[in-house]
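Remember, it's 1-based here, ligands and their atoms both numbered in the order they're listed.
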Amino acid sequence: MKTEINLIPDVKHIVQSDGFFKINNQTLIETAEDGKEIAHSFCDMLAPALGYMLAIQNDSTAGDKPIIQFTLVPSMQHLGNEGYTLSVTPQKIKAQAYAKAGLFYAAQTIRQLLPVEVFSSRAVEGVVWQVPCCVIEDQPRFSWRGAMLDVSRHFFPVEFIYKFIDLLAMHKMNSFHWHLTDDQGWRIEIKKYPRLTEVGAWRKETRSGHENNAATSTSPFDGIPHGGFYSQQEIRSIVAYAHKRYINVVPEIDMPGHAQAAIAAYPLLGNTGKTLEVGTTWGIYENVYNVNDSTIHFLQDVLDEVLDLFPSPFIHVGGDEVPKTQWKGSPEAQARMKEIGLKNEDELQSYFIRRMDQFLTSRGRRLIGWDEILEGGLAQNATVMSWRGEAGGIAAVQSGHNAVMAPNTHTYLDYYQTKEKAGETLAIGGYLPLEKVYLYEPVPAGISADKRKLILGAQAQLWSEYMPTPARVEYMAFPRLCAFSEVVWRTKGQCDYPAFLSRLNAHQYRLDQLKVNYHR
Ligand code: TNX
């Protein structure tokens, strides 16, 4: 009888055969210089559970000892940077790829082919570390396989960010969108403007319960100060950690809306001159940045420090949910519109985003923003993240721009995961069951064939209004993120929900080993 293989995300092609490759403390890893990095991360990954480090060597002096080979193969370009092949026989595991990312994913697959205990953080006795014999060819469908984490509404300690990145890597996700600023907290240290974190990272309390049923609550605010931020040094370490796991970290500095924490720190950034406090309730605030040159330069100074910390080709500038009330009432904003010849406030927002687009482009980066950046005209080099359904993504690619699909209907992991809601702790609302996530198809119907490739991929969102702790984030993220990892990895049409559920059944034991507080 063959052991069951349960991979998540599932591989493109696999043929299983009889027998096993067994790993013990004599097993050697063989790799040339260019595969060393992956060989090391493979050893590091297995070491806690195995209780020993496998030895790595350059050449084939192994004799008849079993070996695991990691090899870069220039002729495998057809599998792309992230594809790989794996062949497992009782004598040898052979992982081959065109690029290191592919070898990294081969290593992740080997890990999932091992008994689930390999995900333990402590040495496990009495397990036979065996990998079932098979031949695999694998390759992702999309190049943007993302998850977004909102650390503004609730701050999460660095240890959790590391854990989250590990969980993404294990699911072969390659993009971590870090939502670092919002009305309720500014979470990134900016050396030039220390008040952003001295003031902007702390709020005096938080609304408990839903905005709209505050009436039923005897104490609508919890009275507990909340806050925190990531130092530049912590950010550098996190970015490096993610990089080693082939994850790009996309920072988001939200503008011109969702800006109250920054305006609380520097009132001159706002439209009213009033001193504000860092937001303590959820929803959309009217306090947005003004469009004076001094504010645009302030934010570009911020971005300069951001660019220094994040090598990401894409920089997210938000652009979502910007009420135009204050601009309508501001003589300065109105004068500005007249001066540049803009017809309305949508065009003013568009002007603001264009300034950021030019700035980022001049520094060799690419602007990405939520789909509201389409309103009033899309900036020249912008990429759209489509969250209010698919419309924004469709409009973007039809006009030749790139898009990342993040529709709230299928990717908002802050929505409830059961219909009854009964057993579930308070969430923001909505209903997004596991199956709906699993069945999501990121390329909208009706996009002409020549434009489909402009869809870079898709992303799952973890807005944290109702996720006060890491445990809560895990509960909302898993297992839906497991399903989502298949949405962005699998070949189009490779879709079988019952089969996924049965693989997930085994996969949950891996999450158990990793102490993930997933929804059962
Ligand atoms: C909308 S999605 C927002 C967020 C909220 C989220 C809650 C987006 C670009 N803006 O500010 O947290 O809904 O689901």
Side-chain angles (χ1 to χ4, degrees), residues 146-156 177-187 203 206-207 209-212 226 250-262 278-289 314-324 349 352-353 356 367-375 378 382-393 395-396 403-417 421 424-432 436-437 458-468 472-473 475-477 480-481 484:
M148 187 218 73
L149 181 63
D150 167 10
V151 296
S152 171
R153 274 56 177 272
H154 282 99
F155 175 74
F156 307 113
H177 171 171
W178 206 0
H179 184 78
L180 285 162
T181 71
D182 215 303
D183 300 302
Q184 298 83 1
W186 182 282
R187 308 276 177 236
R203 63 176 180 257
T206 304
R207 166 90 70 174
H210 270 161
E211 225 93 314
N212 54 12
H226 181 85
V250 180
E252 178 182 353
I253 307 297
D254 209 340
M255 60 183 87
H258 287 288
Q260 184 153 322
V278 176
T280 56
T281 64
W282 316 128
I284 302 174
Y285 286 68
E286 296 212 324
N287 295 300
V288 303
Y289 291 126
F314 286 92
I315 303 293
H316 206 300
V317 298
D320 57 315
E321 302 178 324
V322 188
K324 309 285 160 34
Q349 150 136 353
F352 181 99
I353 298 292
M356 297 306 164
L367 177 146
I368 183 165
W370 300 107
D371 56 53
E372 286 92 333
I373 65 171
L374 283 152
E375 294 161 11
L378 189 55
T383 294
V384 170
M385 195 168 261
S386 189
W387 76 275
R388 296 172 301 175
E390 299 181 316
V404 173
M405 301 307 290
N408 52 355
T409 49
H410 293 78
T411 68
Y412 271 40
L413 306 187
D414 56 336
Y415 292 2
Y416 286 101
Q417 37 202 333
K421 292 175 187 148
E424 292 197 57
T425 326
L426 194 65
I428 197 155
Y431 171 47
L432 179 55
K436 192 169 176 189
V437 176
Q459 185 173 283
Q461 276 55 242
L462 289 153
W463 297 106
S464 63
E465 287 95 329
Y466 298 95
M467 302 180 199
R472 196 69 209 152
V473 175
Y475 180 85
M476 297 306 278
R480 288 184 293 188
L481 212 48
F484 188 77

In ligand 1, the atoms that come under 4.0 Å of a heavy atom of Asp414 are 7 (C), 14 (O)

For atom 3 (C) of ligand 1, what is the nearest protein heavy atom, given as residue, atom name and distance?
-> Glu321 OE1, 3.4 Å

For the pair Trp463 and Trp370, name the ring-plane relationship: parallel under 30°, tilted 30 to 60°, perpendicular over 60°.
-> tilted

Trp387-Glu321 side chain donor-acceptor pair, cut-off 3.5 Å | no

Polar proximity ligand 1 side, Arg153 side, N/O cut 3.5 Å exclusive = yes

Relative to atom 4 (C) of ligand 1, which among Tyr466, Tyr412, Trp463 owns the nearest non-hydrogen atom?
-> Trp463

Would you check if there is a donor-acceptor pair between the side chains of Trp282 and Gln184 at a distance under 3.5 Å?
-> no

If you round to the nearest 0.5 Å, how far is OG1 of Thr181 from CD1 of Ile253?
-> 5.0 Å

Can you sort out which atoms of ligand 1 are near Ile428, meaning under 4.0 Å from one of its heavy atoms?
-> 7 (C), 14 (O)

Got Phe484 and Leu413 here, is their nearest side-chain heavy-atom distance under 4.5 Å?
-> no

Any atoms of ligand 1 less than 4.0 Å from a non-hydrogen atom of Trp370? List them with their elements.
-> 9 (C)

Tell me, which protein residue and heavy-atom name are nearest atom 9 (C) of ligand 1, and how many Å apart are they?
-> Asp320 OD2, 3.0 Å

Below 4.0 angstrom from a heavy atom of His258, which ligand 1 atoms are there? Numbered from 1 as shown, please.
-> 11 (O)

With rounding to the nearest 0.5 Å, note down the distance linking CG in Asn287 to NE2 in His258.
-> 12.5 Å

Is there a donor-acceptor pair closer than 3.5 Å between any side-chain N or O of Tyr289 and the backbone N or O of Met255?
-> no

Can you list the atoms of ligand 1 that are under 4.0 Å from a heavy atom of Glu465?
-> 5 (C), 7 (C), 12 (O)

